[in-house]
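Structure record follows, encoded as structure tokens.
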Amino acid sequence: MERDTGKLLWMTCFVRAVETGSFSAAARELGIGQPNVSRHIASLEAHLELRLLQRTTRRLLLTVEGERYYAEARHALDSIEEAEAIARGDDEPRGLLRVSCAVLVGQLHVQPLVAPLLQQHPHLEIELQLSDDYVDVVGERYDVAVRVGPLTSSMLVARKLGVSEHCVFASMQYLEAHGEPQTPQDLAGHECILHTKLANPSVWKFRDDEVHVRGRYRLNHHEAILSAVREGRGIGLAPAWIIEDDVRAGRVKPLLVDHPMPHSDIHLLYPTRRHLSARTRVMIDAITKSFSAKSCMRTGYVAGLTAPI
């Protein structure tokens with residue numbers, strides 16, 4: 001039993017050193033002195049017969065083995081803390097909540113939820129990772145994820161939050177100079193801004209047609225495309241909820257709204273329905289409530305999105 005207690009202390013020192021970035025910061029937090037933190041982590045590495053950390057003069061770097069051990073150790077410590085809280089009848093969310101989101105959905109619709117949650121729950125920590133690349137939610141130990149587009153894993157619980165409708169749009173400056181397309185086929189005669197992360201950037205799909213477009217300007221991010229459209233450099237294609245403020249302000253105009261484009265579903269993902277921690281439940285509830293109130297995430301949004309007169 002004494003050995004197990006020692007291993008728990010070693011694990012705690014290691015996790016807090018990783019999360020605070022130094023032995024001295026972990027020591028201050030734990031109140032045990034920096035030499036003790038160093039000694040406990042050395043004991044852990046000796047017990048595992050693995051190097052978990054590479055020490056430099058400026059920071060701590062996790063080895064590959066250290067990354068794997070950290071993910072499991074963080075989960076284990078959170079589970080212990082959760083079990084103790086439940087035993088005390090305390091269901092207050094606590095511990096580290098890891099959230100993965102597509103970049104713009106995260107920035108515009110998830111990040112605004114973080115500050116209120118942290119203020120309401122003083123024992124909660126939130127790590128928000130923004131990436132449009134594939135993320136292994138289970139393997140990388142995320143508690144929840146928000147994703148736009150087709151689902152790739154059947155291991156996850158998926159709750160539909162809404163839809164992301166796409167539309168083409170241009171600035172008034174561009175339309176005054178080049179005219180407004182009246183049909184999708186008219187786009188072939190316009191300068192279009194191409195998104196390089198699309199499977200085929202030069203093919204724009206409508207529900208009843210697809211059009212081959214051309215463009216001399218290519219970008220890899222929706223925000224950059226919106227900026228280029230504002231400057232009058234061409235016609236862009238993006239999710240409608242990204243351009244909402246610019247449409248309301250008259251900076252850009254949605255085009256061909258009578259010719260809808262295919263939409264993408266937006267899902268909230270999490271690994272299991274059973275034994276959800278309190279911290280996971282509060283994030284799921286916050287995201288679900290927020291997204292359900294957004295008109296820009298509903299089918300038919302583009303049709304009602306018109307530029308002010």
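- With a 6.0 Å radius and a threshold of 12 heavy atoms from other residues, nucleotides or ligands, K289 has its NZ atom at or below the threshold.
- A distance of 11.0 Å separates CG of L256 from CG of D209, quoted to the nearest 0.5 Å.
- L8 is connected to V37 through a chain of hydrophobic side-chain contacts under 4.5 Å among Ile, Leu, Val, Met, Phe, Trp and Tyr, so both are in one cluster.
- Both L77 and L60 belong to a single network of hydrophobic side chains, linked directly or stepwise wherever heavy atoms of I, L, V, M, F, W or Y lie under 4.5 Å apart.
- Using a distance-only test at 3.5 Å, with no hydrogens or angles considered, no donor-acceptor pair links the side chain of T288 to the main chain of D285.
- Scanning both residues, V229 and A170, for their nearest heavy atoms gives CG1-CA, 3.6 Å.
- Judged as a side-chain hydrogen bond (donor to acceptor under 3.5 Å, both in side chains), the pairs with a partner in residues 12-22 (not counting sequence neighbours) are, in order, R16-E19, R16-E29, E19-Y70, E19-R74, S22-S24.
- Within the 4.5 Å cutoff, the side chain of H109 has no heavy atoms near those of the V146 side chain.
- Listed by chain and residue number, R147 satisfy the side chain to side chain donor-acceptor pair (under 3.5 Å) test with S100 (two or more places apart in sequence, or in another chain).
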Evaluate V103 against E223 for side chain to side chain contact (heavy atoms under 4.5 Å, CB included), listing each step before the verdict. CA-CA 10 Å; V103 174; E223 280 190 323; over 6 Å; no

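- Residues passing the side chain to side chain donor-acceptor pair (under 3.5 Å) test with R214, sequence neighbours excluded: E191.
- Dense packing is recorded around NZ of K294, with more than 12 heavy atoms of other residues, nucleotides or ligands lying under 6.0 Å away.
- Annotation: side chain of D143 is not in contact with side chain of M283 (no heavy-atom distance under 4.5 Å).
- The environment of CZ in R207 is crowded: more than 12 heavy-atom neighbours from other residues, nucleotides or ligands sit within 6.0 Å.
- Of all heavy-atom pairs spanning C13 and A26, the tightest one is O-CB, 4.4 Å.
- Linking Ile, Leu, Val, Met, Phe, Trp and Tyr whenever their side-chain heavy atoms come within less than 4.5 Å puts V105 and L226 in one cluster.
- In terms of modelled atom types and a separation under 3.5 Å, the side chain of E45 and the main chain of L53 share a donor-acceptor contact.
- Applying the ring pair (Phe, Tyr, Trp, His ring centres under 6.0 Å) test to residues at least two apart or on different chains, the pairs with a partner in residues 175-194 are Y174-H178, Y174-H190.
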H166 vs S264, side chain to side chain contact (heavy atoms under 4.5 Å, CB included): CA-CA, chis, key distance, verdict: CA-CA 8 Å; H166 292 72; S264 301; 3.6 Å; yes

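- In this pair, H259 and F206 present their aromatic rings perpendicular. The plane angle is above 60°, beyond the 30 to 60° band.
- With rounding to the nearest 0.5 Å, the separation of CG in L48 from NZ in K7 is 8.5 Å.
- Counting only distance, with no hydrogens or angles, the side chain of T63 and the backbone of R51 share a donor-acceptor pair below 3.5 Å.
- If you chain together hydrophobic residues whose side chains sit under 4.5 Å apart, L198 and L194 fall into the same group.
- Side-chain contact check for V114 versus V99: every heavy-atom pair is 4.5 Å or farther apart.
- With rounding to the nearest 0.5 Å, the separation of CD in E176 from OG in S171 is 8.5 Å.
- Atom CZ in R248 sits 10.0 Å away from atom CD1 in I243 (nearest 0.5 Å).
- The CZ atom of F291 sits 7.5 Å away from atom CG of L113, with the distance rounded to the nearest 0.5 Å.
- The backbone N or O of P93 sits nowhere less than 3.5 Å from a side-chain atom of R279 that would complete a donor-acceptor pair.
- Distance alone, capped at 3.5 Å, places no donor-acceptor pair between the D132 side chain and the A102 backbone.
- Taking both residues in full, the closest heavy atoms of E67 and L62 are given as CG-CB, 3.7 Å, listed atom of the first, atom of the second, then distance.
- Annotation: side chain of H263 is in contact with side chain of D265 (closest heavy-atom distance under 4.5 Å).
- Under a hydrophobic clustering in which Ile, Leu, Val, Met, Phe, Trp and Tyr are joined whenever their side-chain heavy atoms come within less than 4.5 Å, directly or via other members, V110 and V163 fall into different clusters.
- One finds the CG atom of L104 at 5.0 Å from the CH2 atom of W241 (value rounded to the nearest 0.5 Å).
- In this structure, H40 and I32 approach most closely via the heavy-atom pair CD2-CD1, 4.0 Å.
- With contacts defined as side-chain heavy-atom distances shorter than 4.5 Å, the pair V144/I284 qualifies.
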Might you work through the side chain to side chain contact (heavy atoms under 4.5 Å, CB included) test for V15 and V18, ending with a clear yes or no? CA-CA 5 Å; V15 167; V18 171; 5.8 Å; no

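- Side-chain contact between Q111 and L128 is present, with heavy atoms from C-beta onward closer than 4.5 Å.
- Here the closest heavy-atom approach between residue P181 and residue I235 is recorded as CG-CD1, 4.1 Å.
- Under a 3.5 Å cut-off, the side chain of E65 and the backbone N or O of L50 do not form any donor-acceptor pair.
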Using side chain to side chain contact (heavy atoms under 4.5 Å, CB included), reason through Y142 and L269 one step at a time and then give a plain yes or no. CA-CA 10 Å; Y142 285 103; L269 308 175; over 6 Å; no

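- In this structure, H195 contributes its side chain and K197 its backbone to a donor-acceptor pair below 3.5 Å.
- For Y301, there are no ring-ring contact (aromatic ring centres under 6.0 Å, His included) partners, not counting sequence neighbours.
- Listed here is the closest heavy atom pair of F169 and I225: CZ-CG2, 4.5 Å.
- Contacts of E180 classified as side chain to side chain contact (heavy atoms under 4.5 Å, CB included), with partners at least two apart in sequence or in another chain: L175, Q182, K253, L255.
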